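This report concerns only the one structure given below.
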Amino acid sequence: MFEKELEEKLKDHINYFPRKEQAILMCLHEIQNHYGYIPKESLKPLSDMLGLPLNHVEGVVAFYDMFDTESPARHRIRVCVSIVCHFMQKDKLISALKKKLGIEMGEVTEDGRFKLIPVQCIGGCSEAPLFMIDEDTYKFEGEEKLDEILAKYT
Amino acid sequence: MKYLPNILDIKAETTLNLLLARAKKVKTHSIDEYIESGGYKALKKALSMDPKEIIDWVDKSQLRGRGGAGFPTGKKWQFAVQNPPPRYFICNADESEPGTFKDRVLIERDPHLLIEGMIISSYAIGAEKAFIYIRGEYPAGYYILRNAIEEAKSRGFLGNNILGSGYSLDIYVARGGGAYICGEETALIESLEGKRGHPRLKPPFPVQKGLWGCPTVVNNVETICNIPIIVEKGWEEYRYIGPSEYPGPKLFPVSGKVKKPGVYELPMNTTLRELIFKYAGGTLGNKKIKAILSGALDCFSADELDTPMDYSPKGFGGTGTVIVLTEEDNIVELCLKIAEFYEHESCGQCTPCRVGCYEQHNLLKKIIKGDASEKDWEAFVYINKHIQPTSICGLGAVAGRLIRQAMEKFPKEFERYKPTVVKY
Ligand SMILES: Cc1cc2nc3c(=O)[nH]c(=O)nc-3n(C[C@H](O)[C@H](O)[C@H](O)COP(=O)(O)O)c2cc1C
Ligand code: SF4
Ligand code: FES
């Protein structure tokens with residue numbers, strides 16, 4: 001079962017749609033926000049709430065890129081590695097992030113604070129190179145600014 | 001709004017002041033601001049019209065879908081209403097084509113334009129439930145839309161018996177989970193039903209069997225934002241915007257090596273050259289243009305700058321996305337990024353697409369390292385041509401296209417990676 005507060009949020013999503021199962025991606029976002037990833041144990045209670053078989057929920061989690069059942073991290077940094085950012089010096093952004101966090105792409109910092117994730121175009125290409133931290137979208141404006149931004153996420 | 005994630009200050013300019021009339025300003029316009037500037041007038045007018053008449057106006061306006069395929073919107077609606085209710089209306093806000101960020105600007109800054117467009121569209125096709133499917137990477141857009149829908153409900157523009165017309169509509173917003181393929185309309189419908197985003201075989205088309213097997217219209221954000229403009233102006237006046245064959249405003253998201261990247265609203269008789277040089281300020285460092293990409297779809301060379309930004313056979317077409325690359329950019333490297341994109345985004349349902357995209361990427365990695373043998377080259381050219389047949393959806397159909405065009409238009413760029421050339 002989920003903690004009360006999370007369960008209420010999941011119920012809100014489920015009651016919002018005409019059909020319960022439509023809330024599945026909203027619920028997965030909510031669970032990931034809450035735990036910093038999607039614990040495998042959460043899938044059974046979620047499938048019960050949605051009235052879906054467990055293997056359906058597992059299949060959905062595996063299909064969508066944003067959901068992570070493997071590595072907990074308090075904050076997810078999604079760095080665009082797609083076409084525009086690539087030609088607009090994404091490598092500078094990536095090496096700055098790697099240096100500051102001491103991790104490679106796909107890894108989590110030792111303290112569990114950040115995970116670095118390469119992603120395809122996040123739809124703000126005029127401001128390239130771009131990255132997201134959790135729900136926030138940022139452009140890269142040099143290392144000093146990057147420090148300021150990272151400091152907001154504890 | 002209680003909480004809003006950090007969003008970008010994307011430059012937005014317009015010569016027409018229609019789609020970007022408000023959204024050219026970097027702020028989310030509230031319902032009061034929207035109404036003050038003439039918003040929701042078109043809805044009142046539409047509700048006094050017969051739904052059939054609205055469809056007729058949209059048809060006569062010659063509006064074409066802005067989601068990529070350029071399909072006539074009025075025709076799509078006509079097909080849908082031939083099938084019995086319940087019908088559904090879906091707004092495709094999955095915007096994930098590389099280089100595309102036009103729908104984002106409309107959603108984040110002028111959400112009520114989209115909502116007004118959705119109410120009129122749903123009324124026209126007789127839908128009582130409508131959905132917005134917004135990509136998972138636009139969380140701010142999600143909150144903004146949820147909030148705007150509440151605002152619209154509180155003023156009686158949504159919910160039961162809208163403005164006393166007897167017509168009722170609810171709009172629901174659903175988030176994606178990071179899958180480009182969910183922008184394809186049938187994959188989107190699957191996803192909205194709570195499933196994996198696997199495209200369906202067409203026919204049947206969504207207008208026949210869409211959401212839960214019912215007739216469904218899927219339209220792009222920008223397409224829908226044209227609807228209040230058509231209703232307010234009337235189709236005759238709308239037809240005077242831009243060239244007579246391709247009327248209406250169009251958004252062009254411009255990025256890459258230009259001085260003023262951003263979203264431009266222009267008529268479709270603009271040429272690619274004007275868009276880049278007159279509006280987007282020309283290239284960074286005044287370098288020579290090498291290639292222009294319409295997302296991951298088509299690749300144009302500097303010889304093609306007179307291409308009109310319309311939907312004619314020789315026009316730029318698609319979503320209007322313009323990515324500019326200049327002389328120092330490597331075309332083979334570009335192809336590698338394109339191949340990486342398609343490999344990553346293939347949903348894996350059809351074998352030629354799944355295996356083909358994987359092999360195409362793999363072989364290009366070898367080529368760019370200089371490790372490709374003549375056999376690898378042959379395999380690469382063969383695979384590039386053969387991803388297309390038997391693919392269920394449009395992704396498989398175009399996964400080899402830009403790379404093939406690049407090989408034709410920039411043969412020299414590929415030559416130096418070939419094994420017969422002596423390397424120094
Ligand atoms: C692989 C693929 C991805 C697509 N992605 C989008 C998208 O992100 N947004 C969109 O509006 N249309 C997208 N489309 C087009 C939709 O399938 C559909 O044609 C469109 O939403 C119809 O709206 P329109 O007629 O208003 O253009 C995509 C198509 C394919 C084949
Ligand atoms: S063509 Fe590719 S993306 Fe489309 S359904 Fe087949 S495998 Fe999936
Ligand atoms: S390519 Fe990076 S945001 Fe579009």
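All figures in this text were calculated on a predicted structure; none of them were measured in a lab. We name chains A, B, ... by the order of the sequence lines, and we start the count at 1 in each one.
Only the backbone of B/D9 has a heavy atom closer than 4.5 Å to any heavy atom of chain A. Using a 4.5 Å cut-off between heavy atoms, A/V119 makes no contact with chain B at all. Of the atoms belonging to B/Y180, not a single heavy atom falls under 4.5 Å from chain A. Contact of B/S191 with chain A is made through backbone and side chain together, with heavy-atom distances under 4.5 Å. Only the side chain of A/L130 comes within less than 4.5 Å of a heavy atom of chain B; its backbone N, CA, C and O stay farther away. For B/E95, no part lies under 4.5 angstrom from a heavy atom of chain A. For A/E127, the part lying under 4.5 angstrom from a heavy atom of chain B is the side chain only. For B/K260, no part sits under 4.5 Å from any heavy atom of chain A, backbone or side chain. Within the 4.5 angstrom heavy-atom criterion, only side-chain atoms of B/P139, from C-beta onward, approach chain A.
The candidate from B/G197, B/G295, B/P253, B/G256 with the greatest count of non-hydrogen atom pairs under 4.5 Å with chain A is B/G197. Between chain A and the options B/Y143, B/F131, B/Y172, heavy-atom pairs under 4.5 Å are most frequent for B/Y172. Your options are B/V324, B/I7, B/V254, B/L325, and the one with the most heavy-atom pairs under 4.5 Å with chain A is B/L325. Contact count against chain B (heavy-atom pairs under 4.5 Å) is highest for A/M66 among A/M26, A/M66, A/M132. Residue with the most contacts toward chain B among A/M88, A/H13, A/R78, A/K20: A/M88 (heavy-atom pairs, distance under 4.5 Å). Taking chain A as the reference chain and counting heavy-atom pairs below 4.5 Å, the highest number among B/C347, B/A179, B/G99, B/G262 is found for B/G99. The residue among A/L28, A/V60, A/I24 with the most heavy atom pairs within less than 4.5 Å of chain B is A/V60. Among B/N330, B/L192, B/T100, B/L284, the residue making the largest number of heavy-atom pairs under 4.5 Å with chain A is B/L192. Interface summary for chain A: among B/K102, B/K11, B/H344, B/K129, the most heavy-atom pairs under 4.5 angstrom belong to B/H344.
Crowding of B/K288 atom NZ: a count of heavy atoms from other residues, nucleotides or ligands under 6.0 Å not exceeding 12. The neighbour count for A/K92 NZ, taken as heavy atoms of other residues, nucleotides or ligands under 6.0 Å away, does not exceed 12. At most 12 non-hydrogen atoms from other residues, nucleotides or ligands lie less than 6.0 angstrom from CD of A/E5.
Here the closest heavy-atom approach between residue A/I83 and residue B/P98 is recorded as CD1-CB, 3.8 Å. B/I181 and A/F63 make their closest contact through CG2-CZ, 3.8 Å (heavy atoms, listed as atom of the first residue, atom of the second, distance). The two residues B/I10 and A/G124 have their closest heavy-atom pair at CD1-CA, 4.2 Å. For the residue pair B/E97 and A/C121, the shortest heavy atom distance occurs at O-SG, 4.2 Å. The two residues B/V173 and A/F17 have their closest heavy-atom pair at O-CZ, 3.4 Å. Residues B/Y138 and A/I122 share a closest heavy-atom pair of CE2-O, 3.5 Å.
Taking 4.5 Å as the limit, every side-chain heavy atom of A/F87 sits out of range of all side-chain heavy atoms of B/S255. Contact of the A/P18 side chain with the B/W212 side chain is registered, since non-hydrogen atoms from C-beta on lie closer than 4.5 Å. Contact of the A/H56 side chain with the B/R196 side chain is not registered, since no non-hydrogen atoms from C-beta on lie closer than 4.5 Å. Side-chain atoms of B/R146 and A/Y16, non-hydrogen and from C-beta on, do get closer than 4.5 Å to each other. Residues A/D65 and B/E137 have side chains not in contact (no heavy-atom distance under 4.5 Å, counting atoms from C-beta outward). Put simply, the side chain of A/E21 does not reach to within 4.5 Å of the side chain of B/K195, judged on heavy atoms.
For the atom pair A/Q22 CD and B/Y133 OH, the distance stands at 11.5 Å (nearest 0.5 Å). Taking OG of A/S126 as the reference point, atom CZ of B/F101 lies at 4.0 Å (rounded to 0.5 Å).
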Next on the checklist: Could you walk me through whether B/L334 and A/H86 satisfy the side chain to side chain contact (heavy atoms under 4.5 Å, CB included) test, starting with their C-alpha distance in whole Å, then the side-chain angles of each, then the deciding distance to 0.1 Å, before giving a yes or no?
Outcome noted: CA-CA 9 Å; B/L334 161 70; A/H86 175 79; over 6 Å; no
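A salt bridge links A/E135 with B/R175: the closest approach of a Lys/Arg side-chain nitrogen to an acidic carboxylate oxygen falls below 4.0 angstrom.
When atom types are taken as modelled, the side chain of A/D136 and the backbone of B/N6 share a donor-acceptor pair closer than 3.5 angstrom.
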